[in-house]
Amino acid sequence: MNFVSYKVYTSDKEPTYDIHERTSLYLKRDRYIVDNSHELMIYWDGVKKGGTYQTAKYAASKPNYPIRNIWGVEPSPLKEGIYVKSSDV
């Protein structure tokens with residue numbers, strides 16, 4: 001399994017970003033993850049707004065890209081999951 005290390009800044013000082021810049025960085029990170037993986041596992045409550053929704057929507061636009069939602073799966077979410085249809089996102 002490959003893990004991605006994503007560095008947002010390299011300075012000793014914490015950068016100051018406004019909310020739009022931060023959101024843009026998160027979306028770029030999430031798209032990078034989708035583009036460099038073969039499946040997306042999400043913990044999504046089905047609300048069609050926010051970063052998880054935007055990432056799932058982006059992944060759903062890719063042909064034959066499986067999206068597994070582990071919301072509400074008990075007791076071991078890594079063992080099972082519900083695959084999301086592109087039309088559900």
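A 4.5 Å side-chain heavy-atom check between Arg68 and Leu40 finds every atom pair outside the cut-off. Within the 4.5 Å cutoff, the side chain of Gln54 has heavy atoms near those of the Leu27 side chain. By the 4.5 Å heavy-atom criterion applied to side chains, Tyr58 and Asp35 are counted as neighbours. Put simply, the side chain of Ser37 reaches to within 4.5 Å of the side chain of Tyr65, judged on heavy atoms.
Listed by chain and number, the residues in a side-chain hydrogen bond (donor to acceptor under 3.5 Å, both in side chains) with Thr52 amount to none (sequence neighbours excluded). For Asn64, there are no side-chain hydrogen bond (donor to acceptor under 3.5 Å, both in side chains) partners two or more places apart in sequence or in a different chain.
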Q: Could you walk me through whether Trp71 and Trp44 pass the side-chain contact (heavy atoms from CB on, under 4.5 Å) test, one step at a time?
A: CA-CA 6 Å; Trp71 177 270; Trp44 180 47; 5.5 Å; no

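Pairing each heavy atom of Ile42 with each of Asn69, the nearest pair is O-OD1, 3.2 Å. Across every non-hydrogen atom of Ile67 and Ala60, the tightest pair is CD1-N, 3.6 Å.
Tyr53 and Asp45 share no side-chain donor-acceptor pair at under 3.5 Å.
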